[in-house]
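Here's the structure, in structure tokens; my notes come after.
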Number of protein chains: 4
Amino acid sequence: MSPRPVNKDEKRAEILDAAIRVFARAGFHPTKIEDVAREAGVAKGTIYLYFTSRDDILAAAFERFADEALRGVRALVESAEPALDRLHALVRAMVAGATAEPELARIVFDFWAVRGPGAATVDFARIYAEHRRLIALLLDRAVAEGALPADVPEQTPAVLVGLVEGVLLQWLVDPARVAPGPAADAATDLLLAGLTAR
Amino acid sequence: MSPRPVNKDEKRAEILDAAIRVFARAGFHPTKIEDVAREAGVAKGTIYLYFTSRDDILAAAFERFADEALRGVRALVESAEPALDRLHALVRAMVAGATAEPELARIVFDFWAVRGPGAATVDFARIYAEHRRLIALLLDRAVAEGALPADVPEQTPAVLVGLVEGVLLQWLVDPARVAPGPAADAATDLLLAGLTAR
Amino acid sequence: MSPRPVNKDEKRAEILDAAIRVFARAGFHPTKIEDVAREAGVAKGTIYLYFTSRDDILAAAFERFADEALRGVRALVESAEPALDRLHALVRAMVAGATAEPELARIVFDFWAVRGPGAATVDFARIYAEHRRLIALLLDRAVAEGALPADVPEQTPAVLVGLVEGVLLQWLVDPARVAPGPAADAATDLLLAGLTAR
Amino acid sequence: MSPRPVNKDEKRAEILDAAIRVFARAGFHPTKIEDVAREAGVAKGTIYLYFTSRDDILAAAFERFADEALRGVRALVESAEPALDRLHALVRAMVAGATAEPELARIVFDFWAVRGPGAATVDFARIYAEHRRLIALLLDRAVAEGALPADVPEQTPAVLVGLVEGVLLQWLVDPARVAPGPAADAATDLLLAGLTAR
DNA sequence: AATGAATGAGGGTTCATTCAT
DNA sequence: GATGAATGAACCCTCATTCAT
């Protein structure tokens, strides 16, 4: 009799966003349900109408986080540009995604640190694998387009992903001394040059 | 009354090692002081004779961890080999150090995730900076030795460190699908080839 | 708007019956308002249109329970049979009432356990007193009818009530080993034989 | 190195006694761990050094309660008196045990009312069965001693136990109007008279 | 120095009750 | 009237830290 305009999914998303904001600001572990509730502008108990437990929030936050990260990357990969351009764009997008919101980027640390029995399941493997898959795809296209020699080592996707992640890591930890954009660009150039040079 | 000539520092180190073992096994956050005490074979109260707080243990664990990591690397850098060989050796050592004890390597996640007021100070910046400094040194030597052209981009050390860290990250998260040793080797080769090729 | 001509009292009764069903199945203390609402097919808030509080439901349940128990017994007592027959019938009815719905019988445990400030008022004394009064009446009639000697001890009604209750208790707690019907019958026979024998 | 005179079992028993006192006074369900702690003169956390959960306390309380109840009864049964005297003594002891501490006797209500998943296991069946066993023993002895005819109905022990329990129940619920001692005595006399009379 | 029993603040979770729709 | 989302007080339990022995 009262349809109530509050869409359950919308509300859940609102709370989740609030949670991600607090996690970004203060980290997951020190964050209390109370903090999330305050940020979301609801009462503590309300949280439990949308999530089954504190860990459930983390798991959901990770999902949302990962999905958003992959969505952007996938779009790039499907564009019509030459494969190597797309590769560069992809690397730049990864860096840009992280540097646009450093606090948000820091969350991954908390995701990584989640352990212990009953802890939220945080499937990093899936994301990295997907990243590698997309990069492998582009490398194949680049070879097909004649932009790269045929014998690209199979480790290359892992190397590229690792390179970007590793540079971002250093930047997060020491923003004053590491410029992730130039570093990642330089690294990609070097790698591709190396691939071509052999 | 105490048969072993354990002085204060030794005992502290023993407890610290025990703590690191537990952290490696179960992660820092889920680990209770009680767990550390049990692993160290002492009573809970004893821990507080050697550390001021739970966070203090983590900070100390990080220090020990970082010092050991740097010690090995420094030794390599000071050897008499050609600079490029030392560079390769350094990369291999970093990977080997992590892959020898995956559980131990996972601890860095916990270090990263430490945040919040009053939390232990974990100075990653220092370690990464030192790593970069050593690599820059080797690159300079390689240039001096004529093994590399003169215009090595300044981002290169960050790229090399990032590369190793990033590959290790993927391996930790998905050991079945990423072989960090070959990947890091391949990557270094590519990078150096790229540097030479331009 | 509401097709069924349910007036306030009927609806209240419906909810009450639902509540009693849930209490019987799961016990009063573990039962949430939500459970009652679900069983009654209404929303949680609706419960509060008919009851002022959770305890209020229990009190009402007890009233309904007690009234039903007494109604049956009173009917028996007012029949035209010889007093001793009515006494036997009464005992049998008490046992039958409980054994017909063991789960329902268990509710009395919850009624008994209700305590604490603000708790529902559950007036067991009234029911037992009424039971004793009815039995005393029958004993008097039996004496008048010459079926029993005149000097029936005044404790006899309490003894008869207690006997049935006590046997039922053992049956509830250990249904496999206590047969309440035969036991109560045997007991009544013995008691009456005892009364006559002196 | 510090033997500490606090015996773990003793302390547990102390807390348990405190808990039983509070349960007796206020009932199990409304009693908070905090209340037990206050009564025991310890802090909340201390309770959990001796009991695993709130329910665990109830289970332990029941055990202690039951054991004490049975201990007294067993001693009586093993005395050298004529069996019928022992039977009377037993009934009187049951009543006396309850009437000496009405508040304590009320606890059984709470025990009965314990239900729900994960709830403490309260094995009433065991106690009643043991009571019946002891009474059956005495009845057999009485027959052997020639004090009772041979054909004592098998329900008799259940009847005797029920009788006492049922009378106590009425007294607990309405102490002003039921005198459990006389009632139980009278009832036993009547029953035994009935047994002999047939 | 070592112990480990004791503490009690803290936080996750539940659920009776309210109230805007 | 009916609803059910929202509330927040309450409570169980954990565990870092203390301290008497």
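Given the structure is predicted, the values throughout are model-derived calculations rather than measurements. Chain naming here is simple, since letters A, B, ... match the order of the sequence lines and numbering starts at 1 in each.
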According to a strict under-4.0 Å criterion, is [X] in side-chain N/O contact with OP1 or OP2 of [N]?
{"X": "Lys11(C)", "N": "dA2(F)", "value": "yes"}
{"X": "Lys32(D)", "N": "dC11(F)", "value": "yes"}
{"X": "Lys8(C)", "N": "dG1(F)", "value": "yes"}
{"X": "Tyr50(C)", "N": "dA2(F)", "value": "yes"}

Closest-nucleotide ordering on DNA chain F, the 5'-leading residue of Glu34(D) and Thr52(B): Glu34(D)
Between Val42(C) and Thr31(B), just flag the one whose closest nucleotide in DNA chain F comes earlier from the 5' side. Val42(C)
Earlier contact from the 5' end, DNA chain E, for Ser53(A) and Tyr48(C): Ser53(A)
Between Arg54(C) and Gly45(D), just flag the one whose closest nucleotide in DNA chain E comes earlier from the 5' side. Gly45(D)
Which of Glu101(D), Glu103(D), Glu39(D) passes salt bridge (Lys or Arg N to Asp or Glu O under 4.0 Å) with Arg25(D)? Answer is Glu39(D)
Take the protein atom [atom1] of [X] and the nucleotide atom [atom2] of [N], then report the distance between them rounded to whole Å.
{"X": "Ile47(B)", "N": "dT18(F)", "atom1": "CD1", "atom2": "C1'", "answer": "15 Å"}
{"X": "Phe28(C)", "N": "dA16(E)", "atom1": "CZ", "atom2": "P", "answer": "9 Å"}
{"X": "Asp56(C)", "N": "dA16(E)", "atom1": "CG", "atom2": "P", "answer": "14 Å"}
{"X": "Ile57(A)", "N": "dT13(E)", "atom1": "CD1", "atom2": "P", "answer": "8 Å"}
{"X": "Arg38(A)", "N": "dG11(E)", "atom1": "CZ", "atom2": "C1'", "answer": "13 Å"}
{"X": "Glu10(A)", "N": "dA5(F)", "atom1": "CD", "atom2": "C1'", "answer": "15 Å"}
{"X": "Asn7(D)", "N": "dA5(E)", "atom1": "CG", "atom2": "C1'", "answer": "13 Å"}
{"X": "Leu58(B)", "N": "dA16(F)", "atom1": "CG", "atom2": "C1'", "answer": "15 Å"}

Please work out if Leu49(A) contacts a base, only the sugar-phosphate, or nothing of the nucleic acid, heavy-atom cut-off 4.0 Å. base
If you look at every strand shown and take non-hydrogen atoms under 4.0 Å, does Phe51(A) touch a base, only sugar-phosphate, or nothing? nothing
Ring centres under 6.0 Å, that's the criterion: do Phe111(B) and Phe109(A) meet it? no
Looking at Ala66(D) and Ile127(D), what are the two nearest heavy atoms and their distance? CB-CD1, 3.1 Å
Measure across Ala61(B) and Ile20(B) and return the closest heavy-atom pair with its distance rounded to 0.1 Å. CB-CG1, 3.8 Å
Applying side chain to side chain contact (heavy atoms under 4.5 Å, CB included), name anything that partners Arg12(D), two or more places apart in sequence or on another chain. Tyr50(D), Phe51(D), Asp56(D), Ala60(D)
Between dT17(F) and Lys44(B), counting only base atoms on the nucleotide and side-chain atoms on the residue, is there a donor-acceptor pair under 3.5 Å? yes
Carefully, step by step, assess Asp35(A) and Lys32(A) under the rule salt bridge (charged side-chain N to carboxylate O under 4.0 Å, His left out). CA-CA 5 Å; Asp35(A) 302 327; Lys32(A) 324 283 162 241; 5.7 Å; no
Does this structure show an ion pair linking Arg126(D) with Asp67(D), if we count only N-O contacts that are shorter than 4.0 Å? yes
Please map the stems of DNA chain E, keeping only stretches of three or more Watson-Crick or G-U wobble pairs with both distances under 3.5 angstrom. E:2-21 with F:2-21
Among Phe62(A), Phe28(A), Phe23(A), exactly one meets side chain to side chain contact (heavy atoms under 4.5 Å, CB included) together with Ile57(A). Which residue is that? Phe23(A)
